[in-house]
Amino acid sequence: MHHAFALIDCNNFYVSCERVFNPKLLGRPVVVLSNNDGCIISRSDEAKALGIKMGAPLFQAREAVAAGGVAVFSSNYALYGDMSARVMETLHEFTPEVEVYSIDEAFLDLSGCREADLSELGRRIRAQVYQWTGIPVSVGIAETKTLAKVAARVAKSSCKARGVVNLVASPHLEQALERVAIQDVWGIGPNYARLLRTHGVTNALELRAVDDRWMRRRTSVTGQRIVLELRGTSCLPLELCPPSQRSLTVSRSFGRPVETLAEVREAVACYTTRAAEKLRRRQLAANVLVVFLMTNRFRDAPQYAASTVVRLPAATAYTPELIGHALAGVEQIYRAGYEFKKAGVTLIELVPEAPVQSAMFDRLDRERAQRLMQTVDEINRRMGSQTLRFAATGLKQTWQTRLEHRSPRFTTCWEELLRPQKPPAKT
DNA sequence: TCTGGGGTCCTAGGACCC
DNA sequence: TCTGGGGTCCTAGGACCC
């Protein structure tokens, strides 16, 4: 019995989200920026046509942006996360076998579907998601996940495909493989692409013919699997319940260079607070905390980067305790005389939060701490995040990340709901 | 002046143990 | 001239993903 996987991939996802709530953006070039308004991370087709590159820093694309009349947005993850959930919910209408692979992609296992019905099912999924969420998607269907990725890529680039490509038992399989450049194959990054090109392998069709033992030697099992998957041997199963999370990071670039220990402490306290919130929302606790701090690698100035690992006395998700350890870490790695650009906190060795296991000489009443955090989280959920804050996070936070072009949080914030436009005043 | 953030997996090599 | 072998655990670094 053959597998059939579908990859559902949202087109230009962040831009599409902005357009749902602002239809005037349809047909116009639009880009969405990374945190700190630094790089371009989502582009409409019109923006791509202007030659604006993925990942380009905004300041380098300024000219094209101005000349093309490009609409620019800061990223609005509250909005995108919520839209993503709506898309995924829609997909569950078709099958419970949904692997949410990223914010804008999901794999579906369609092995139960009759081969003759696969293409039609793909078209129905695409139409339903568009009708219910306003998000356009591409659908790729094939016998392995890697081939489904190939199919979705072809679906995106071909007008004729109308958003759906089915490669199961398709006479066009080789044609499709040939159209996908080596660096666009799932799992082939810049380094492997360079290696393969020096051996004359330039597209997915040629990669399929590569000796898989050679591939194994040069690129480990991950590369070998790609070759096998391209040949139709499924090596990557659908992950219905992904293994529990192993690490959790909160880090940000500063809105401006930061030099003083006081400001670094504030920022790290802030990031630690966010990390602890994430931990609790996922019902986890951490055993180890890593703090890191670095200068701007793009600047011609003295460089310094450091990190330190703090093993916690017991697994915890208690904000004040985590802040305390994080700040002790900051004291260790901070050096005066540098312009810092970024800091962050990573939590590892995550374990399920309850029941609380106390160390022998634990001075903290962990049950009380947990109740306190529940109360704080509830208040912040109801009254808006940062209603209750920890003093260590500072008041003015002048180092904060820039977000100058953010759209309203249309779907997750009462104050920012979409309102009907006032009709223009009659004159 | 302006260059994101958050993840995972694999391997090699050293430390350590019997 | 001659220097075990094999297992486990940990870490750092590299590669990739969106």
Side-chain angles (χ1 to χ4, degrees), chain A residues 7-14 31-43 53-63 65 72-77 80-81 84 99-107 145-146 149 152-153 182-196 215-226 235-236 239 242-257 271 274-275 278-279 282 288 290 292 294-301 307 309 311 339 341-350 400-406:
Chain A
L7 175 68
I8 317 299
D9 192 343
C10 300
N11 298 344
N12 315 330
F13 182 55
Y14 298 166
V31 299
V32 174
L33 304 177
S34 64
N35 269 314
N36 217 25
D37 293 346
C39 297
I40 290 162
I41 54 168
S42 182
R43 306 160 296 157
K53 294 274 176 280
M54 180 66 178
L58 177 62
F59 74 93
Q60 278 174 14
R62 284 264 187 229
E63 241 171 79
V65 165
V72 176
F73 291 88
S74 302
S75 36
N76 183 346
Y77 288 104
Y80 310 150
S84 172
E99 175 188 340
V100 177
Y101 176 68
S102 73
I103 194 166
D104 67 339
E105 282 171 80
F107 286 103
K145 282 179 161 183
T146 307
K149 277 273 195 181
R153 178 164 279 277
I182 190 68
Q183 70 274 10
D184 295 333
V185 175
W186 190 38
I188 303 294
N191 278 293
Y192 291 166
R194 190 163 10 93
L195 170 73
L196 286 159
M215 198 64 183
R216 156 97 218 209
R217 218 166 43 243
R218 304 302 297 267
T219 66
S220 89
V221 291
T222 8
Q224 185 182 30
R225 274 189 212 128
I226 296 168
C235 307
L236 305 168
E239 307 258 1
S244 71
Q245 194 174 11
R246 306 184 60 86
S247 74
L248 185 164
T249 302
V250 174
S251 73
R252 293 281 179 282
S253 295
F254 304 130
R256 57 168 175 77
Y271 303 159
R274 290 280 304 119
K278 283 191 190 179
L279 263 185
R282 296 166 202 187
V288 174
V290 183
F292 57 91
M294 60 190 74
T295 49
N296 188 344
R297 68 182 197 280
F298 295 103
R299 292 264 303 248
D300 186 19
S307 68
V309 179
R311 176 157 285 279
E339 293 194 338
K341 179 59 179 170
K342 181 176 179 176
V345 176
T346 297
L347 301 170
I348 48 181
E349 288 188 28
L350 308 184
Q400 264 201 354
T401 294
R402 280 185 300 268
L403 264 185
E404 287 167 10
H405 311 277
R406 207 194 63 207

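Every chain is numbered from 1, with letters handed out A, B, ... down the list of sequences. The structure presented is a predicted model; accordingly, all values stated were derived computationally and were not measured.
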Please state how far atom [atom1] in [X] lies from atom [atom2] in [N], giving the value in whole angstrom units.
{"X": "A/H405", "N": "B/dG4", "atom1": "NE2", "atom2": "P", "value": "15 Å"}
{"X": "A/I41", "N": "B/dG6", "atom1": "CD1", "atom2": "C1'", "value": "12 Å"}
{"X": "A/I348", "N": "B/dG6", "atom1": "CD1", "atom2": "P", "value": "15 Å"}
{"X": "A/K149", "N": "C/dC16", "atom1": "NZ", "atom2": "P", "value": "15 Å"}
{"X": "A/D300", "N": "B/dC2", "atom1": "CG", "atom2": "P", "value": "13 Å"}
{"X": "A/E404", "N": "B/dG4", "atom1": "CD", "atom2": "C1'", "value": "15 Å"}
{"X": "A/Y77", "N": "B/dG7", "atom1": "OH", "atom2": "P", "value": "12 Å"}
{"X": "A/M215", "N": "B/dT11", "atom1": "CE", "atom2": "P", "value": "13 Å"}

Quick one: pull up OH in A/Y80 and CG in A/D104 and give me the separation to the nearest 0.5 Å. 12.0 Å
Write down the atom of A/N296, the atom of A/K341, and the distance for their closest heavy-atom approach. N-CB, 3.6 Å
So which atom in A/L7 and which in A/K149 form the shortest heavy-atom distance, rounded to 0.1 Å? CD2-CD, 3.5 Å
Do other residues, nucleotides or ligands put more than 12 heavy atoms under 6.0 Å from the CZ atom of A/R297? no
Between [options], which one does the side chain of [X] approach most closely?
{"X": "A/Q245", "options": "B/dG7, C/dC17, B/dG4", "answer": "B/dG7"}
{"X": "A/C39", "options": "B/dT3, C/dC16, B/dC10", "answer": "B/dT3"}
{"X": "A/S253", "options": "B/dG7, B/dG5, C/dC16", "answer": "B/dG5"}
{"X": "A/R252", "options": "B/dG6, B/dC2, B/dT11", "answer": "B/dG6"}
{"X": "A/F59", "options": "B/dG6, C/dC16, B/dC2", "answer": "B/dC2"}
{"X": "A/W186", "options": "B/dG4, B/dG6, C/dC18", "answer": "C/dC18"}
{"X": "A/V221", "options": "B/dT11, B/dG5, C/dC18", "answer": "B/dT11"}

Between A/Q60 and A/T222, name the one whose nearest nucleotide on DNA chain B is closer to the 5' end.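 So the residue in question is A/Q60.
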Starting at the 5' end of DNA chain B, which residue's closest nucleotide do you reach first, A/Y14 or A/S247?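 It is A/Y14, whose closest nucleotide lies nearer the 5' terminus.
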Report the base-pairing partner of C/dT11 (Watson-Crick or G-U wobble, both distances below 3.5 angstrom), or none. B/dA12
Check every strand shown and say whether [X] touches a base, only sugar-phosphate, or nothing at a heavy-atom separation below 4.0 Å.
{"X": "A/I103", "result": "nothing"}
{"X": "A/R274", "result": "nothing"}
{"X": "A/D104", "result": "sugar-phosphate"}
{"X": "A/R246", "result": "sugar-phosphate"}
{"X": "A/R256", "result": "nothing"}
{"X": "A/L248", "result": "sugar-phosphate"}
{"X": "A/V185", "result": "sugar-phosphate"}

Considering just the side-chain nitrogens and oxygens of [X], establish if one lies under 4.0 Å of OP1 or OP2 belonging to [N].
{"X": "A/R225", "N": "C/dC16", "value": "no"}
{"X": "A/R282", "N": "B/dG7", "value": "yes"}
{"X": "A/K341", "N": "B/dT3", "value": "yes"}
{"X": "A/R299", "N": "B/dT1", "value": "no"}
{"X": "A/S251", "N": "B/dG6", "value": "yes"}
{"X": "A/T249", "N": "B/dG7", "value": "yes"}
{"X": "A/N191", "N": "C/dC16", "value": "yes"}

Taking the six-membered ring for Trp, are A/Y271 and A/F254 parallel (under 30°), tilted (30 to 60°) or perpendicular (over 60°)? parallel
Answer yes when A/K145 and A/E239 have at least one side-chain N-carboxylate O distance shorter than 4.0 Å, and no when they do not.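 Judged by the 4.0 Å cut-off on N to carboxylate O distance, A/K145 and A/E239 do not form a salt bridge.
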Heavy-atom side-chain contact between A/S42 and A/F73 under 4.5 Å: no
Taking atom C1' in both B/dC16 and C/dG4, what distance in whole Å separates the two?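 That atom pair is separated by 16 Å.
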